[in-house]
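For reference, the structure discussed in these notes is given below.
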Amino acid sequence: MTNSAPEPRFKRLQKAFAAHIRDPRKAEVPEGIEDRRMAIYRDLFYNNIESFLSGNFPVLREITPDEKWHGIVRDFMVSHRCETPHFPEIAQEFLAYLSESRKAESDDYPFMLELAHYEWVELALGISDEDAELPAHDPNGDLLEGIPLVSPVAWNLSYSYPVHRISPEMIPEAPSAEPNHLVVYRDRLDKIHFLEINAVTQRLLELIKLNAQATGLEILQMIAGEMQHPDPDVVIQAGSQLMQDLKARNIIIGARQ
């Protein structure tokens, strides 16, 4: 039985180099490299990552004390292994770190993950190409008699905390009494918007996405039935107006053909 060949020196050096950049307090400067030179790489890597995260999670950064924030960024570099080399996807890696790798601390905001997700959505929709190939549809189709189509770059979301209102002046201490329903969407000019919606609108969008064969009228009849409304026609009339408003915003983009 032959012994495996020893790891080449350059690989050992690469690993030591990367380990020190990630965690300079615990991993020593690689042998033979001047600390002054190594500091250039330490600062370059950290500042790039920190700047990118600050830019993609501006509200989370603004409300987080400096020492706490830099501790989070450093722990992200130390404990999380990114699956992608692409900078635009680092925000998604940071979100994965918060939800899977990070050990909660007593002074963490209870809404930290929800806020980070909300801020990530804006970036994700900004670069999404999900609308590059759309199902056959008529932009001017009848939304009641036809089958309405929701834009793939319109995401209806629900949060326990009012993430869209959080700021240094508004730090919620507890979840809202009712879920916070939002639609974050990209318009025809590729601008990102958010719309606060109620539970009925949330349900409407959900049913349109789940029932790709149901007409707008059938979906509104479903909602009227779920609400046990005494006059379904009232729901249908209001729902028809609502769908037209959502179409004007490019949330609904027409009727399927």
Side-chain angles (χ1 to χ4, degrees), residues 56-64 89 91-102 104 108-128 130-131 143 147-167 169-187 191-212 214 216 218-229 235 238-253:
N56 282 281
F57 302 94
V59 177
L60 181 59
R61 173 64 187 99
E62 187 177 13
I63 65 174
T64 304
E89 297 177 10
Q92 186 172 354
E93 294 285 353
F94 185 70
L95 193 64
Y97 154 75
L98 291 179
S99 62
E100 301 169 7
S101 307
R102 176 173 167 74
D108 283 354
Y109 289 120
F111 54 77
M112 181 164 62
L113 181 57
E114 283 197 347
L115 175 59
H117 182 272
Y118 173 67
E119 296 200 274
W120 167 77
V121 165
E122 182 174 358
L123 170 68
L125 282 177
I127 63 177
S128 174
E130 289 186 65
D131 59 344
L143 299 181
I147 301 170
L149 176 64
V150 174
S151 168
V153 287
W155 297 357
N156 48 310
L157 308 162
S158 297
Y159 297 101
S160 300
Y161 289 85
V163 290
H164 57 302
R165 302 188 186 281
I166 293 175
S167 70
E169 292 74 38
M170 210 294 280
I171 306 292
E173 297 182 355
S176 303
E178 299 291 338
N180 296 275
H181 301 300
L182 304 171
V183 179
V184 184
Y185 63 98
R186 193 170 76 200
D187 68 14
K191 293 183 178 180
I192 306 298
H193 306 269
F194 83 85
L195 177 67
E196 187 172 2
I197 59 176
N198 59 27
V200 175
T201 306
Q202 167 73 8
R203 184 60 175 156
L204 171 65
L205 292 171
E206 182 180 47
L207 286 174
I208 291 175
K209 292 180 179 180
L210 290 175
N211 297 274
E218 290 170 339
I219 287 172
L220 292 175
Q221 289 171 336
M222 291 182 205
I223 291 176
E226 292 176 353
M227 296 173 63
Q228 298 183 338
H229 198 283
V235 176
S240 177
Q241 294 174 350
L242 174 59
M243 286 195 291
Q244 290 299 329
D245 178 67
L246 295 174
K247 181 176 179 295
R249 297 175 185 271
N250 204 49
I251 295 172
I252 291 177
I253 56 175

Next item on the list: Kindly write out the residues that satisfy side-chain hydrogen bond (donor to acceptor under 3.5 Å, both in side chains) with E119, not counting sequence neighbours, or none if the list is empty.
Entry: none
Margin query: To the nearest 0.5 Å, what is the distance between CD1 on I166 and CD on E62?
Written below: 12.0 Å
Checklist line | Which residues share a side-chain hydrogen bond (donor to acceptor under 3.5 Å, both in side chains) with N198, sequence neighbours left out | finding: T201
Check: Could you state the interatomic distance from CD1 (I197) to CG (L204), rounded to the nearest 0.5 Å?
Finding: 8.5 Å
Next item on the list: Might you point out which heavy atoms bring I253 and V150 nearest each other, and give the distance in Å?
Entry: CG1-C, 4.5 Å
Next item on the list: Please identify each residue that fulfils salt bridge (Lys or Arg N to Asp or Glu O under 4.0 Å) with E89, with sequence neighbours left out.
Entry: none
Checklist line | From D245 atom CG to I251 atom CD1, the distance as rounded to the nearest 0.5 Å | finding: 7.5 Å
Checklist line | Under 3.5 Å donor-acceptor, D108 side chain and A104 backbone | finding: no
Notebook entry, point to check: What residues, two or more places apart in sequence or in another chain, satisfy salt bridge (Lys or Arg N to Asp or Glu O under 4.0 Å) together with E196?
Noted result: R165
Next item on the list: With sequence neighbours excluded, tell me which residues meet side chain to side chain contact (heavy atoms under 4.5 Å, CB included) with Q244.
Entry: L143, K247
Next item on the list: Look at the side chain of Y185 and the backbone N and O of L125, then say whether any donor-acceptor pair between them is shorter than 3.5 Å.
Entry: no
Notebook entry, point to check: Do you know which two heavy atoms are closest between H164 and Y118, and how far apart they sit?
Noted result: CB-OH, 3.5 Å
Check: At their closest point, which heavy atom of N250 faces which heavy atom of D187, and how far apart are they?
Finding: ND2-C, 3.9 Å
Notebook entry, point to check: Can you tell if the side chain of N156 reaches within under 4.5 Å of the side chain of L182, non-hydrogen atoms only?
Noted result: no
Check: Can you list the residues that meet the side chain to side chain contact (heavy atoms under 4.5 Å, CB included) rule with S240, with sequence neighbours excluded?
Finding: L144
Notebook entry, point to check: Step by step, would you call F111 with I63 a side-chain contact (heavy atoms from CB on, under 4.5 Å)?
Noted result: CA-CA 12 Å; F111 54 77; I63 65 174; 3.7 Å; yes
Next item on the list: Using the test side chain to side chain contact (heavy atoms under 4.5 Å, CB included), find all partners of P175 that sit at least two apart in sequence or belong to another chain.
Entry: S160, Y161
Item checked: Nearest non-hydrogen partners of P148 and I208, listed with the distance -> O-CG2, 3.4 Å
Item checked: Closest non-hydrogen atom pair, A212 against I147 -> O-CG2, 3.3 Å
Note to self: List the residues meeting side-chain hydrogen bond (donor to acceptor under 3.5 Å, both in side chains) with R203, not counting sequence neighbours, and say none if there are none.
What the structure shows: E206, E226
Next item on the list: Please round to the nearest 0.5 Å and tell me the distance separating atom CZ of R249 and atom CG of L195.
Entry: 4.5 Å
Note to self: I need the minimum non-hydrogen distance between K209 and A154, along with the two atoms involved.
What the structure shows: NZ-O, 3.3 Å
Note to self: Rounded at 0.5 Å granularity, tell me how far CG in L220 sits from CG in L242.
What the structure shows: 8.5 Å
Check: Please walk me through it: do L157 and V121 pass side-chain contact (heavy atoms from CB on, under 4.5 Å)?
Finding: CA-CA 10 Å; L157 308 162; V121 165; 3.9 Å; yes
Next item on the list: For S99 and A96, indicate whether the former's side chain and the latter's backbone hold a donor-acceptor pair under 3.5 Å.
Entry: yes
Notebook entry, point to check: So, does S167 use its side chain to make a donor-acceptor pair with the main chain of M170 at under 3.5 Å?
Noted result: yes
Checklist line | Under 3.5 Å donor-acceptor, R186 side chain and S128 backbone | finding: yes
Item checked: All side chain to side chain contact (heavy atoms under 4.5 Å, CB included) counterparts of E218, not counting sequence neighbours -> A214, T215, Q221
Notebook entry, point to check: Does some side-chain heavy atom of Y109 sit less than 4.5 Å from a side-chain heavy atom of T64?
Noted result: yes
Next item on the list: State which residues pass ring pair (Phe, Tyr, Trp, His ring centres under 6.0 Å) with H229; sequence neighbours excluded, sorted by chain then number.
Entry: none
Checklist line | Residues V183, F194; criterion side-chain contact (heavy atoms from CB on, under 4.5 Å); working and verdict | finding: CA-CA 6 Å; V183 179; F194 83 85; over 6 Å; no
Item checked: Separation of E93 CD from L98 CG (nearest 0.5 Å) -> 11.5 Å
Next item on the list: Kindly write out the residues that satisfy ring pair (Phe, Tyr, Trp, His ring centres under 6.0 Å) with Y97, not counting sequence neighbours, or none if the list is empty.
Entry: F76, F94
Next item on the list: Quick one: sort the W120 and H117 rings into parallel, tilted or perpendicular, breaks at 30° and 60°.
Entry: tilted
Notebook entry, point to check: How would you list, by chain and number, every residue that makes a side-chain hydrogen bond (donor to acceptor under 3.5 Å, both in side chains) with N56, sequence neighbours excluded?
Noted result: none
